[in-house]
S.K.: 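Attaching a single structure in structure tokens format; questions to follow.
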Amino acid sequence: MAIQKRKAKFNRRSPIAAAIVLAAGLLLSGGGYAIASSAVAAEAAPNAADIAEGHKLFLANCASCHGKNAEGTQNAPSLIGVGAASVDFQVSTGRMPGAASGPQLEVKPVQFNASQTAKMAAYVASLAPGPAIPDASLIAANGDSTRGGELFRINCAMCHNAAGAGGALTQGKYAPNLMGANPKEIYEALITGPQNMPVFNDANLTPADKNDVITYLMFLESNPSPGGNELGNLGPVVEGLFVWLAVLGGIIGITVWLGAKSN
Amino acid sequence: MSTASNTQKKGGFLAGTANYLDERVGVAGILKEFGRKVFPDHWSFMLGEVALYSFLVLLLSGTFLTFWFQPSMAVVEYNGVFAPLKGAEMSIAYASTLDISFEVRGGLLMRQVHHWSALLFVAAAGLHMLRVFFTGAFRKPREINWVVGFALFVLGMAAGFTGYSLPDDLLSGNGLRIIDGMIKGLPVIGAYTSSLLFGGEFPGETIVARLYGLHILLVPALILIFIVIHLFMVVIHKHTHYSGPGRTDSNVVGYPLMPVYVAKAGGFFFLVFGVIMLVAATFTINPVWNYGGYDPSPVSAGTQPDWYIGFLDGALRLAPSHLEVVDAFGFTWAFNILLPMIVGVGLLAVVAVYPFIEGWVTGDKREHHVLDRPRNAPVRTAIGAAGVTFYAVLWAGASTDLIATNFKTSLNQVLTTMQISLFVLPVLAFWITKRACLALQRKDREIVLHGRESGRIVRLPHGEYVEVHEPLEEFELYKLVDFKAYQPTLARPNAQGKITIRARIRAGLSRFFFEDRIMPVTGSELEAAQHDHGPAIESQETKALH
Ligand code: HEM
């Protein structure tokens, strides 16, 4: 047994194995992407008036950075092929229109209403096929929260923390706190991979997997800790600060106060 | 028997019991002796007690947890009430922790009581140590008790770490993985030690059961024994006191242990107990259900140990990253792991032996029962401040990621800043503290010699305005002059007429400690000052007027 195990390990480390894994991964993700984009292409085309109005809004608000035809400039990437989901995510969470600032574009107050957002999304989607805004059935949050939790811990916790409280990345970048994100936003984040987040296409996480993850996150959001105030769910550091400042500090405060009273 | 029943009639049940016990084991004699021990009154003397009471709470809540906790790593399918884990495979240890949290009546409260009091136990012990350090309470005859107290602090860390790992959740498993990595980082013995400890390759199937044995048996037993020794020595040595009139190195001023102090202590126990209960009932600690069962593949962002292990985690994080592996002497040396371990263990070692270092430098063999005001031992206080700063930077080092996200800075910058701070800040802290102590001592001298500024301005007949200085009351005066300033010793030749290296080192240290010093005001100085000043009005011109 032990010897066999060792052998298996050795094989996994060999360069040929790595190449095979890499090739398989590429095939899978490429295939997944093809399936995803063909699904988008099959969708009913939004009407031309919406697209035209979307283009107008785009020219007024976005073209300065992304170019008149969303072809991209020095300041911002091309949006051709990013899909409606990306626009919807970026605009409805208040990330776009971007403002040049620190290492990561920040979330700002949302500037467009739902219909304006939809029109811009339709415009960008009309340029080339890309991930579409998810159907209500995909984000019903009625999946398996246990599996969702497992997937979350394996795929997301290293950046977003096991309780979804967020975490630091390198050079001032960070993965945000996920409490407050709605199902559509989560799904769109997964299929578009905003900024430093990787894309989780349907080959990585099937739509059902995504729904499970959403189910899990919705459970966390709607079930506060049974143990009382969560102290931001930031874990032992905050607990330690709390014990020093509030608990030990409180006890000393009471002692001094009692001492002062009795004198 | 008849006496007992007689008394029972007279004095009720309590008196009856007391009498019963007295007649059989002579408790009255013991209690009388013990009860006449005297314990002084000051809030900083209560810190040790906070630790003691937290430990009692730990024993009680921990025993409650043992009724339900099962230290097995065998895998089961969870079928409890917590929906997002239903059907998940997990260890029995984790499943039983979830059951304690969600299904045992009062279980979650007890888990939280246990964990909060664990944090409080080590925090109170740590602050208690600092009080002892900064007031010089570790000097002869209490050096051994300092070491015992130090052992308690380290045992507290051990108890906490072994307990933290029991629930076998993702967070604690990540913590164990780090320990495993550190052990494996030891040259030569690393891999063998890890394999012995975990019963094979990490995580193995036995570590939780082994830690459980340590956590509920060995470590608490050691803590209990050390607490008994610690308190026994306090009784033998008697408690120290702050200086004041009538307080000397040969007496203790305070209340007798019985009844005043015991009544107070009893009340204080309930106060500490009450605060822990209140916090445990309202604030979540270690929500293990969020983390999921341990699985070696995922690692969560923001993985940190409990605060008392934080300084070691910080040392690991702050270690420069290009030191990873050096091949030398046929072995691999992982200095990125060895260096932090040396720093952590070294820091603790210095703390453990500090009283002996200071005792050797001063050569002071007298007993001390009156505490130092921190300012009157400037170099010791400054060393303490530097040590606390060093520890604090290591500690903050364990939360570089949280600092980066919460203050919107770059993780890399935070890390570099801390690496530099680790060396610069303690030196700064030393210098500032020493200067501050010397300045405060000078001010004390001023006040003793010239009285306190009263804020009352008087106009003299010829039109000059002066401020009236009020002489101090005897009580305060005592506090300000009652200390000893050591002189640096010189390296003297020994019997063979040679100056040994040891003597040189000692002289060097002595110079380091005592070259800058402020002497306490002597009686004759005080008299001279009072004579000079007459009505305690401070001003050159006034003097000329006399
Ligand atoms: C002496 C100081 C002690 C310290 C610092 C300490 C600390 C801890 C900590 C931090 C945990 C993790 C709790 C959690 O789940 O969040 C724990 C768990 C546990 N402790 Fe202790 N403990 C101490 C003494 C004891 C004693 C005396 C007992 C039993 C007689 C005990 C029994 C347990 C049990 C059964 C658990 C696992 C249950 C659980 O995690 O929910 N502990 N301890």
Side-chain angles (χ1 to χ4, degrees), chain A residues 102-103 144-150 152-155 157-176 215-216 219-220 223-231 233-244 246-248 250-252 254-256 258-259 262, chain B residues 41-43 46-47 50 83-88 101-102 108 111-112 115-116 119-120 123-124 127 170-171 268 271-272 275-276 279-287 290-292 295 297-308 310 398-402 404-405 408-413:
Chain A
D144 177 349
S145 61
T146 303
R147 201 176 138 63
E150 238 162 73
F152 186 82
R153 283 188 284 280
I154 293 174
N155 294 295
M158 68 286 241
C159 294
H160 287 285
N161 166 294
L169 305 179
T170 52
Q171 309 289 3
K173 292 170 250 167
Y174 65 94
T215 312
Y216 173 68
F219 179 93
L220 285 190
N223 290 275
S225 164
N229 188 308
E230 287 158 343
L231 298 171
N233 256 330
L234 290 176
V237 171
V238 180
E239 291 161 6
L241 280 181
F242 186 80
V243 96
W244 273 93
V247 186
L248 190 53
I251 290 175
I252 292 173
I254 297 174
T255 321
V256 172
L258 286 179
S262 66
Chain B
D41 219 19
H42 188 271
W43 70 263
M46 305 298 238
L47 292 169
V50 176
L85 285 171
K86 216 169 223 160
S101 305
F102 296 116
L108 181 55
R111 264 196 66 229
Q112 302 203 141
H115 207 139
W116 279 121
L119 298 196
L120 182 62
L127 201 57
L170 187 59
L171 191 59
F268 196 53
L271 196 145
V272 173
V275 169
I276 293 175
V279 169
T282 45
F283 289 92
T284 303
I285 187 165
N286 200 17
N290 277 343
Y291 305 138
D295 167 358
S297 50
V299 174
S300 166
T303 294
Q304 263 103 2
D306 271 352
W307 79 260
Y308 42 83
S399 46
T400 39
D401 52 337
L402 291 174
T405 46
K408 301 230 182 287
T409 49
S410 150
L411 181 62
N412 309 55
Q413 273 169 20

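Since we're looking at a predicted model, the values are computed, not measured. Numbers restart at 1 for each chain; the letters A, B, ... are given by sequence-line order, proteins then strands. In what follows, every heavy atom counts, from backbone to side chain, and hydrogens, waters and symmetry copies are set aside.
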S.K.: Between the side chains of B:Arg111 and B:Ser101, is a donor N or O closer than 3.5 angstrom to an acceptor N or O?
M.R.: yes
S.K.: If you look only at pairs with a residue in residues 163-176 of chain A, which of them pass as a side-chain hydrogen bond (donor to acceptor under 3.5 Å, both in side chains), with sequence neighbours excluded?
M.R.: A:Glu106-A:Tyr174
S.K.: My understanding is that only residues two or more places apart in sequence, or in another chain, count here; which of them pass side-chain hydrogen bond (donor to acceptor under 3.5 Å, both in side chains) with A:Glu150?
M.R.: none
S.K.: Which bit of A:Ile252 comes within less than 4.5 Å of chain B, counting heavy atoms only: side chain, backbone, both or neither?
M.R.: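 Side chain only.
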S.K.: Among B:Asp401, B:Asp295, B:Thr282, which has the most heavy-atom pairs under 4.5 Å with chain A?
M.R.: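 Result: the option with the highest number of such pairs is B:Thr282.
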S.K.: What part of B:Gln304 lies closer than 4.5 angstrom to a heavy atom of chain A: side chain, backbone, both or neither?
M.R.: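 Backbone plus side chain of B:Gln304, per the 4.5 Å heavy-atom cut-off to chain A.
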S.K.: Against chain B, work out which of A:Ala168, A:Pro236, A:Gly250 has the most heavy-atom pairs shorter than 4.5 Å and name it.
M.R.: A:Pro236
S.K.: Among the options A:Gly149, A:Gly167, A:Ala162, A:Gly240, pick out the one with the most heavy-atom pairs lying under 4.5 Å from chain B.
M.R.: A:Ala162
S.K.: Contact part of A:Leu231 toward chain B, heavy-atom cut-off under 4.5 Å: side chain, backbone, both or neither?
M.R.: side chain
S.K.: Please work out which of the three classes, parallel, tilted or perpendicular, describes the rings of B:Phe283 and A:Phe242, given edges at 30° and 60°.
M.R.: tilted
S.K.: Considering only heavy atoms, which portion of B:Leu85 lies under 4.5 Å from any heavy atom of chain A: side chain, backbone, both, or neither?
M.R.: both
S.K.: B:Val299 versus chain A, heavy atoms under 4.5 Å apart: side chain, backbone, both or neither?
M.R.: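 Contact with chain A is through the backbone of B:Val299 alone.
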S.K.: Quick check for you: among A:Leu220, A:Leu248, A:Ile154, which has the greatest number of heavy-atom pairs under 4.5 Å with chain B?
M.R.: A:Leu248
S.K.: Relative to the ring of A:Tyr216, is the ring of A:Phe152 parallel (under 30°), tilted (30 to 60°) or perpendicular (over 60°)?
M.R.: tilted
